[in-house]
Amino acid sequence: MTLLIQDEYPKKLLREDGLRLDGRGLTDLRPIKMEVDVIKNADGSAYIEWGNNKIFASVYGPREVHPHHLAKPDRGILRVFYRMATYSVFERKRPAPGRREKEISLVISECLEPVLFLELYPGTSFEIFIEVIDADGGTRCASTTVAALALADAGIPMRSLVSSCAVGKVDGQLITDLSGIEDKAGDSDMPVAMTWFNDEISLLQFDGKMNQEEMDKSLDMAKDALENVYQMQLEALKKKYIQIQEGI
Amino acid sequence: MTLLIQDEYPKKLLREDGLRLDGRGLTDLRPIKMEVDVIKNADGSAYIEWGNNKIFASVYGPREVHPHHLAKPDRGILRVFYRMATYSVFERKRPAPGRREKEISLVISECLEPVLFLELYPGTSFEIFIEVIDADGGTRCASTTVAALALADAGIPMRSLVSSCAVGKVDGQLITDLSGIEDKAGDSDMPVAMTWFNDEISLLQFDGKMNQEEMDKSLDMAKDALENVYQMQLEALKKKYIQIQEGI
Amino acid sequence: MTLLIQDEYPKKLLREDGLRLDGRGLTDLRPIKMEVDVIKNADGSAYIEWGNNKIFASVYGPREVHPHHLAKPDRGILRVFYRMATYSVFERKRPAPGRREKEISLVISECLEPVLFLELYPGTSFEIFIEVIDADGGTRCASTTVAALALADAGIPMRSLVSSCAVGKVDGQLITDLSGIEDKAGDSDMPVAMTWFNDEISLLQFDGKMNQEEMDKSLDMAKDALENVYQMQLEALKKKYIQIQEGI
Amino acid sequence: MMDIKRVISTIEKNYIKNNLKKGERIDGRGLWEYRKFKITTNTIASAEGSADVSLGDTKMITGVKYDIGEPFPDLPNKGVCTVMAELLPLASPLFERGPPDEESIELARVVDRGIRHADCIQTQKLCIKEEKAVYILFVDMYVINHGGNMIDCGGVSALGALISSRIPKGEWTEDGPKWTGEYFKGKELINELPLPITFGKISDIIFLDPSLPEELVIDGRITISVTEKEITSIQKSGTATFTREEIKILGEKAFENAKKIRKDLDFWQYANNSN
Amino acid sequence: MMDIKRVISTIEKNYIKNNLKKGERIDGRGLWEYRKFKITTNTIASAEGSADVSLGDTKMITGVKYDIGEPFPDLPNKGVCTVMAELLPLASPLFERGPPDEESIELARVVDRGIRHADCIQTQKLCIKEEKAVYILFVDMYVINHGGNMIDCGGVSALGALISSRIPKGEWTEDGPKWTGEYFKGKELINELPLPITFGKISDIIFLDPSLPEELVIDGRITISVTEKEITSIQKSGTATFTREEIKILGEKAFENAKKIRKDLDFWQYANNSN
Amino acid sequence: MMDIKRVISTIEKNYIKNNLKKGERIDGRGLWEYRKFKITTNTIASAEGSADVSLGDTKMITGVKYDIGEPFPDLPNKGVCTVMAELLPLASPLFERGPPDEESIELARVVDRGIRHADCIQTQKLCIKEEKAVYILFVDMYVINHGGNMIDCGGVSALGALISSRIPKGEWTEDGPKWTGEYFKGKELINELPLPITFGKISDIIFLDPSLPEELVIDGRITISVTEKEITSIQKSGTATFTREEIKILGEKAFENAKKIRKDLDFWQYANNSN
């Protein structure tokens with residue numbers, strides 16, 4: 001049987017005053033909070049609140065590959081396991097990982113791999129575990145962002161951080177950082193991530209409808225948003241090292 | 001769709017005369033029959049009828065561990081596989097082992113392990129397979145009891161036998177050896193097992209409601225019942241050796 | 001919910017003129033087309049159209065056994081994987097392989113193995129993959145036939161080809177090569193395969209009802225049909241070698 | 001039938017093989033000699049019907065349970081009977097835990113097909129309301145000790161469990177199926193008694209009712225299920241091949257042995273007459 | 001509790017063991033000393049109720065979700081509450097990916113049984129229409145960091161999540177269950193507060209609230225769930241054995257500690273009063 | 001895209017790589033040259049629609065089946081179309097048996113998303129009765145030979161199978177959905193023709209329509225699905241990274257190539273006109 005309350009979406013996603021339902025302007029990010037070193041047992045960890053998204057990431061490695069046959073003699077491997085808690089969404093998710101979770105895991109893994117020096121770690125693996133405990137649109141971007149932080153927290157050598165954010169289209173307007181409602185009821189969604197060491201795009205997915213001009217404009221908007229996200233990541237890392245220096 | 005006849009429970013479990021529905025007094029055991037050496041292919045085996053419960057147990061080992069990675073370099077391992085036949089219960093059980101069966105397997109394994117000298121068998125395993133072909137309450141106790149017999153039948157060195165029986169509460173009265181109806185419709189169920197080499201409790205589970213005083217009394221009642229079960233186990237083993245000596 | 005159109009079967013399978021619903025006489029085969037070397041990546045491959053059945057088979061081997069523990073030190077192993085495409089049947093088949101597919105795989109494997117010299121390939125495996133993309137009765141026979149061709153195409157030494165065809169009973173009459181309707185609505189179905197090197201039966205299954213006399217007659221009818229199938233297999237192989245010689 | 005061949009030693013295997021090729025069996029039987037069946041029914045209180053059957057060292061306990069479900073759309077007034085087998089790891093070091101393997105699937109399927117195609121069960125009696133509610137009978141076979149020829153033992157145990165069964169009779173009401181207070185008895189549901197008869201083959205020697213050691217060395221086997229007058233299913237397994245003449249002879253042998261077993265066991269005595 | 005023993009070094013293990021046997025714990029606690037709980041509720045916007053609970057280094061986030069389903073036939077007017085636990089591989093190098101293992105099943109079961117047998121939840125309030133529609137509450141526990149004694153932490157987090165929950169109230173209509181516009185509050189559903197209290201045992205030393213390093217060396221543990229006046233479940237695990245006298249003493253200790261925790265945490269403050 | 005890199009030799013890989021870096025392809029194509037499509041439709045009698053499509057050595061057979069089910073609650077008057085892909089182990093030594101792996105999931109998902117977000121299918125026509133009964137279309141792609149760029153081949157085969165399909169038309173009656181005796185034709189259901197266009201990247205060289213040997217050495221690829229005027233999905237995979245300028249150029253290249261393919265294949269000719 002269905003739940004008593006339906007998960008319904010509004011007809012219009014932009015208000016009369018041109019702002020978005022949550023009061024944001026078209027290119028505003030939602031409030032974002034990041035923190036590193038939050039899971040004691042992990043080699044590195046981080047936590048992010050991005051709007052209503054709440055996500056933990058922890059990193060283990062370099063360590064022995066299990067099962068063995070996945071090990072590569074000439075380089076380390078990176079494995080990402082993105083999961084959503086059953087209670088993180090409106091209608092309870094089944095506990096077993098679904099195809100969507102596996103697909104997002106792969107996307108995040110391919111997006112982070114370019115910043116690692118895996119060739120230095122033959123025969124070993126790095127595992128990143130990501131747990132979304134509350135979801136509200138844009139979890140793959142927030143997860144990529146927090147996973148990069150967890151890698152940095154683990155002290156694993158990286159060419160640069162990776163930052164991620166979505167752009168998209170609602171009611172015919174291009175917007176930055178879609179919320180859950182904007183993602184589901186909107187026209188288009190395009191998660192983007194950049195590897196800062198080469199200023200290139202390492203995650204790019206798009207679903208919806210855009211003409212060539214809108215696509216070009218979206219990529220520019222994404223670049224602006226990612227620079228903001230990047231600064232917040234740096235802040236989170238700085239805060240930890242200040243705390244260490246201050247001996248807290 | 002549901003079965004035509006419902007599995008219904010009576011409102012009262014004690015009769016006007018104070019006896020139980022099957023005519024037993026509060027601390028009486030159901031009729032119990034045990035026999036060892038009943039499965040020709042096994043290294044050791046036993047069969048028990050305990051009220052309407054009918055259970056086979058067979059033991060294989062010490063033998064190579066399969067899969068290999070479970071083997072321990074410094075000692076043997078004990079693995080118990082408790083299973084119920086589909087037709088052993090009122091409503092047909094699904095063939096695949098369920099969580100309950102896995103949980104009971106673990107409980108029985110942890111309860112028997114203290115009497116074995118696993119440190120003498122590095123790298124090997126003992127497997128106990130238990131098949132409940134007819135169930136009527138108290139299968140985990142009867143299974144523990146018959147599994148201990150099968151171990152003895154296999155000639156595996158043991159510190160002592162293990163005996164098991166449940167106590168519980170129905171209609172506010174403490175009773176010994178709950179039948180299926182008493183288990184389902186009663187207030188409390190507490191399976192207990194003892195390892196006789198140290199006179200200690202090696203299996204203890206409880207579900208229901210008891211105050212501290214009732215709990216203390218229950219443990220005393222369990223001790224009495226277990227001593228009876230133990231005598232019957234010794235009898236079953238003796239019968240086999242008499243048969244062997246008589247050359248039957 | 002069910003499909004809009006039901007998969008219904010006629011009451012009678014023989015017409016007034018004594019012919020079958022598709023116009024065949026009692027011992028006529030359906031139209032059969034075979035071709036080898038149809039899948040470029042495979043070590044050997046073949047394609048068959050047998051009535052409305054359309055089936056690809058490809059062979060890989062001898063190659064390393066995966067998983068390793070299946071390898072045999074003294075001989076090679078043959079593994080057959082018979083699968084049906086979801087859209088090959090009236091009501092969409094679930095994508096995961098079912099018990100029926102595993103059972104047919106085993107039957108085909110045991111039927112082909114006698115013609116191979118597996119003792120010459122210790123520690124290795126041959127895999128035959130069979131994909132039924134359109135099914136209309138008799139897929140196990142057509143699959144056996146096309147798999148034997150794929151083995152030959154792979155240049156694997158064989159004692160002989162293997163040919164297969166079903167016989168059966170509809171409306172009380174013995175017939176050769178049952179169509180889908182005849183299989184489902186008929187009385188009896190008996191797939192037969194022969195290994196030509198010893199003129200013996202290497203696949204034999206039967207479901208239905210036949211008395212001893214009918215069984216004997218059926219086996220004779222099968223022999224006749226198989227000889228025809230065998231000639232068509234030889235033709236298909238010949239065509240390929242002619243093409244090679246002609247340098248096409 | 002593959003990996004289990006490793007369990008007995010090569011010397012022992014060769015001994016069994018060489019003797020078989022001379023027409024001699026390690027348990028002293030003649031090539032065409034069948035072991036004895038022992039059967040007890042109604043041993044499982046929780047089951048609607050049950051049979052505890054031994055054939056030599058092979059021991060199997062089979063139970064019948066039922067459920068009510070919707071019929072298949074193309075058979076709207078017929079109940080369903082399904083057969084399942086578990087080769088319990090309890091029963092042999094050759095059996096492994098885990099989902100049903102090829103051998104248990106084969107055991108269930110061959111017994112099932114023998115039953116299904118013999119019109120053994122009057123499935124139209126297992127209908128409560130056309131298109132709405134029919135019985136699903138589960139015949140579940142558990143192998144307690146594996147001493148060879150599980151298929152024939154399974155065939156007998158399935159019949160014993162079915163004949164001894166007693167199934168609550170249902171009628172259709174507005175609220176769905178309800179119990180009438182009465183029972184079907186197994187004997188009212190059974191038409192025919194199909195029996196699987198299994199032969200082993202090694203080189204060109206064929207013999208009846210293979211024991212476990214024999215199964216470990218043979219090239220293949222063939223099971224022919226027969227009612228009194230008709231063959232209802234054939235299953236060849238393994239890599240043995242047979243001539244047409246051999247198949248014809250084995251058909252006759254199957255009828256002959258089934259007749260004897262049917263007479264020896266006198267199945268109808270196991271009908272459950274209690275109300 | 002098996003393979004994970006390998007993770008800390010033998011030297012470290014022996015150190016912990018030897019100290020414990022002298023009655024000394026590596027974190028300086030006395031044998032009967034419990035770690036501090038920290039609890040925050042209603043942290044998950046998507047959940048009907050939630051609690052973020054720490055016990056020492058153990059951290060768990062538990063959420064409550066609901067669905068509407070048919071009741072069990074034998075309890076036609078009662079809702080259902082199920083407890084699930086995931087030991088996230090995020091939380092410890094000891095946890096592996098894959099389907100729930102023995103340890104997570106045990107965690108869920110022990111918390112579930114404590115709740116179920118205490119009549120913790122008024123399941124008759126979770127009925128919308130007898131025989132037709134009842135609530136299914138899902139209490140799902142996710143371990144974020146494993147610092148030992150997950151069961152006691154789980155018990156507290158389950159209560160916190162339930163008490164803080166807010167569930168749409170349904171009524172039965174011709175078209176099925178519909179929302180009335182109002183909500184149940186967790187506190188209206190909760191009768192009793194059962195708390196699991198866990199003890200470790202090594203040789204003949206017993207102690208309260210084992211930390212992770214202690215769990216890696218002990219012979220076994222016992223969890224006793226208690227309400228204010230009654231024991232509602234006991235679970236012994238591991239190969240430790242206990243005398244009857246020990247069990248009796250641990251019962252008393254369980255009541256004593258649960259009383260203290262109940263007082264310290266003051267659960268009812270977490271009731272969700274928003275509409 | 002990981003383990004399969006081992007299949008060709010290191011020497012061969014380096015040869016392909018070095019040539020690509022010089023802008024030369026082993027099959028002689030220019031960097032922006034597409035292979036030829038071959039397409040036949042309605043080859044599978046059991047399917048409602050089907051297409052047998054080759055792109056160079058890649059061969060795929062796609063079928064359309066349907067079922068009737070309840071709509072999603074939030075889309076009560078819309079049918080559903082799902083895309084599945086199987087990389088048959090028949091088709092390449094690189095493909096393994098077992099449940100769908102990452103590569104087949106990706107193939108299905110990219111084709112599915114291209115279709116879904118282009119409003120390719122008029123899903124409101126696939127409704128028989130609002131809230132009660134809608135069509136579920138299954139577009140199932142089977143790879144028969146893997147010669148690289150399965151995604152673009154899949155996109156064409158899905159369109160071919162859909163356009164050639166013929167689906168029984170249903171109407172709602174008191175007893176549920178019944179056949180009217182007529183059929184929907186695929187062309188009535190299709191709005192737009194989205195085509196996926198895939199590019200490979202190695203170092204800073206980008207090229208169109210990678211063949212299998214090229215796929216084994218590249219750093220990554222990007223697929224851009226386009227209708228006549230709009231981009232409907234983008235999927236980057238592998239560890240290659242792209243500049244914003246590159247993405248913009250590839251968008252233009254995608255439109256250009258899709259236009260050519262659309263013209264060459266003239267999809268509407270495959271409409272099934274039989275009744």
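We name chains A, B, ... by the order of the sequence lines, and we start the count at 1 in each one. Hydrogens, waters and symmetry mates are skipped; everything else that's a heavy atom, side chains included, is used.
- For E:E228, no part lies near chain B; criterion is any non-hydrogen pair under 4.5 Å.
- For B:K93, the NZ atom sits in a packed shell: over 12 heavy atoms of surrounding residues, nucleotides or ligands are nearer than 6.0 Å.
- Note that CD of E:E106 is 7.5 Å distant from CD of B:E103, once rounded to the nearest 0.5 Å.
- No more than 12 heavy atoms of other residues, nucleotides or ligands sit less than 6.0 Å from atom CD of B:E64.
- For chain B, the option among E:K229, E:E230, E:E252 with the highest count of heavy-atom pairs below 4.5 Å is E:E230.
- Across B:T195, B:L204, B:N211, the residue that shares the most heavy-atom pairs under 4.5 angstrom with chain E is B:L204.
- Under the 4.5 Å side-chain criterion, counting only non-hydrogen atoms from C-beta, B:R99 is not in contact with E:R109.
- Distance OG1/E:T243 to CE/B:M194: 8.5 Å, rounded to 0.5 Å.
- At most 12 heavy atoms of other shown residues, nucleotides or ligands fall within 6.0 angstrom of atom NZ in E:K259.
- Residue-environment remark: NZ (E:K129) stays at or below the threshold of 12 foreign heavy atoms within 6.0 Å.
- In this structure, the side chains of E:D119 and B:K209 come closer than 4.5 Å at one or more pairs of heavy atoms.
- No more than 12 heavy atoms of other residues, nucleotides or ligands lie within 6.0 Å of CZ in E:R116, so this atom counts as exposed by the packing criterion.
- The candidate from B:Q212, B:E214, B:M190 with the greatest count of non-hydrogen atom pairs under 4.5 Å with chain E is B:Q212.
- Between B:M215 atom CE and E:I231 atom CD1 the span is 4.0 Å, to the nearest 0.5 Å.
- In this structure, NZ in E:K236 is found 5.5 Å from OG in B:S202, a value given to the nearest 0.5 Å.
- Contacts between B:V107 and chain E at a heavy-atom distance below 4.5 Å involve the side chain alone, from C-beta outward.
- Interface residue E:I222: only side-chain heavy atoms are found under 4.5 Å from chain B.
- The structure places CG of B:L106 at 10.0 Å from CD of E:E103, a figure rounded to the nearest 0.5 Å.
- For E:K125, the NZ atom is densely surrounded, since the number of other residues' heavy atoms within 6.0 Å is greater than 12.
- Salt bridge E:K248/B:D220: present, at least one basic N to carboxylate O contact under 4.0 Å.
- For E:E245, the CD atom is densely surrounded, since the number of other residues' heavy atoms within 6.0 Å is greater than 12.
- Around the OH atom of E:Y15, the shell of radius 6.0 Å holds no more than 12 heavy atoms that belong to other residues, nucleotides or ligands.
- In terms of modelled atom types and a separation under 3.5 Å, the side chain of E:R244 and the main chain of B:D199 share no donor-acceptor contact.
- Expressed to the nearest 0.5 Å, how far OG1 of E:T241 lies from CD of B:E113 amounts to 12.0 Å.
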